[in-house]
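Beneath this line is the structure, given in structure tokens, with notes to follow.
Counting starts at 1 for both ligands and their atoms, in listed order. What's counted below: heavy atoms across the whole structure, side chains too, no hydrogens, waters or symmetry copies. Everything numeric in this text was worked out from a predicted model, so none of it was measured.
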Amino acid sequence: MLTPQTPTEDTLYDLAIIGGGITGAAVARDAALRGLKTILFEKTDFGAGASTKTSKLAHGGLRYLEYGEIGLVRESLRERNRLLNLCSPWVKPLPFLFPVYDSSRRPLWQIATGIRLYQCMAGESSKKWQRRLSADAVGDRVKGLCADGLRGAAGYTDAQMQDGRLVIENIRSSLSHGAQAYNYSDVVSVRRAATQWHTLSIKQNSAQFDVSARCVVNATGAWSNDVLNRIGVERKLVAPSKGVHVVLPDIGLDAALVLEAPQDRRIFFVLPWEQRTLIGTTDTFSDDDPGSLTVNKDDVRYLLEAFQRYFLERSFDEDDVVATFAGLRPLISSKPGHAASAASRTHRIVVDQDRVISVAGGKFTTYRAMAEAVVDLVARRLGETAALATCQTDVLPLWAADESIKNGAPSDAMPDHWPDFYGPRATEMATLMQARPDLAEPISPDFPYLKAELYYGIQNERVHCLEDWLERRTPIALSRKLTPRFIKDASVTFETMRGAS
Ligand SMILES: Cc1cc2nc3c(=O)[nH]c(=O)nc-3n(C[C@H](O)[C@H](O)[C@H](O)COP(=O)(O)OP(=O)(O)OC[C@H]3O[C@@H](n4cnc5c(N)ncnc54)[C@H](O)[C@@H]3O)c2cc1C
């Protein structure tokens, strides 16, 4: 990627995007593919907001059927299928089991009927439908699951994604189609400079500069209200809801579990992820500053208690927790009075000052469709031509297909985790390592991660600090308990590489 071009104050861009989460990244990709002169600014790192704090599911959202959100579920399933087709190996099928107990809110037949409807909406043929499992069969498959009162389970398939990779790959794709994108670039103001364009002021390190664009997209998730304020618009577009996840050691699941939290009967997931077990999530409206969100002990306790109800013999306490992470869902503001978990996940697009387009809400899963709708609107504002009107992201794979990864076993020199972490990029890293054998060493004796991975991130993926690489270019820090020695070794390696580059 990518020596960054410098933004030029005397260029009039077609489109300036504020926010480098999945929504902004996807808008940048779609716009660049349609030939728009596009520039994106992210105030911290790409994906540092909600987009790397998800439950890692590309899914239709079975539970939204309960709220009658048929349109949302249908769209999400269609997009899930597209992600599976166009973004593999970063989006993979994942089997799910929905165990039902005597105490469950709904009987097994109702859950199974809902799942049938879900599978029909996903366009699955009935041959692919999974049967109901008896209580004994569930017990055999999920070791340690509480059998007391268990009536059986209904099964289905959804998908698991690598959220951070999808963000960076959308950014990379936008750059390769001519866009410019900058992390650590805070848009501090947007003012209408003339009827036809706006001027944005951007703070990058200690420098400040202006950029002008004919259209502006505000894709700042939980920050949307604040950014609208900076534009001079008094609008409460989002009502953020906080979600926390806890990562536990691997309990040997081969399927995700959909369970009811005993405390409030909300649905939560227990998921196999990165050879660990991911539990989440909480869902509570929050006024916290999105930039300094923390995980509190009550959230961790809630999730551990919910998990414990179903795995009585697996006693995990706070010391066993491998990692925790929290994010703010940019839910669309609606009438007060209902729980965050019942709030709609549909997205909303609003236009202010004629050419400032804000997009919020939705789900990670629907990012492509949201971006398409936004760029369609941008195209109309700019005077639509046939080229501008033609979206390509519904058919174009996220990256150029790489046969050596798709067809061949990974080369001997390639660590086991590379194909999963980096997909086709792993081949580029292996080539790099051949040219630079010094990069084939582990960063630290404590983990199998190689210097080549960090070097590649710094050189090609705008890694500015170690955290960018550990939390967003890879899932390392969110899925591993890092040792002090690893952190020290990685910091020294990072500083040496940064100094030399
Ligand atoms: C706990 C949790 C679990 C979830 N699980 C799932 C799931 O499993 N599947 C699913 O489909 N969806 C899931 N979601 C929803 C999904 O994460 C969000 O819908 C999606 O990530 C929103 O992306 P975004 O780009 O709109 O917002 P964000 O990712 O929050 O990005 C907004 C970006 O704007 C930047 N920004 C803010 N102000 C400025 C400024 N002034 N200048 C420049 N940049 C700025 C921020 O730094 C941030 O990076 C989950 C959400 C949460 C919180």
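- Not a single heavy atom of K242 sits less than 4.0 Å from an atom of ligand 1.
- Taking the side chain as every heavy atom from C-beta outward, L293 and L328 approach each other to under 4.5 Å.
- Under the 4.0 angstrom criterion for non-hydrogen atoms, R345 is not in contact with ligand 1.
- Assignment of S185 to the shell around ligand 1 is supported, since a heavy atom sits closer than 4.0 Å.
- Residue-ligand proximity, H245 to ligand 1, at heavy-atom distances under 4.0 Å covers atoms 1 (C), 3 (C).
- Crowding of D287 atom CG: a count of heavy atoms from other residues, nucleotides or ligands under 6.0 Å not exceeding 12.
- Ring orientation note: the planes of F96 and Y156 are close to parallel, at an angle under 30° on the 30°/60° scale.
- In this structure, a donor-acceptor pair under 3.5 Å is absent between the side chains of H417 and Q275.
- Every N/O-N/O distance between P330 and ligand 1 stays at or above 3.5 Å.
- Within ligand 1, counting atoms from 1 as listed, the ones closer than 4.0 Å to a heavy atom of G327 are 53 (C).
- Using bins of under 30°, 30° to 60° and over 60° for the plane-to-plane angle, the ring pair Y64/H59 lands in the perpendicular bin.
- For a threshold of 3.5 Å applied to N or O pairs, the pair formed by E42 and ligand 1 contains at least one separation below that value.
- Nearest protein neighbour of atom 37 (C) of ligand 1, counting heavy atoms only, is W223 CG, 3.3 Å.
- Note: no N/O pair closer than 3.5 Å links A58 and ligand 1 by distance alone.
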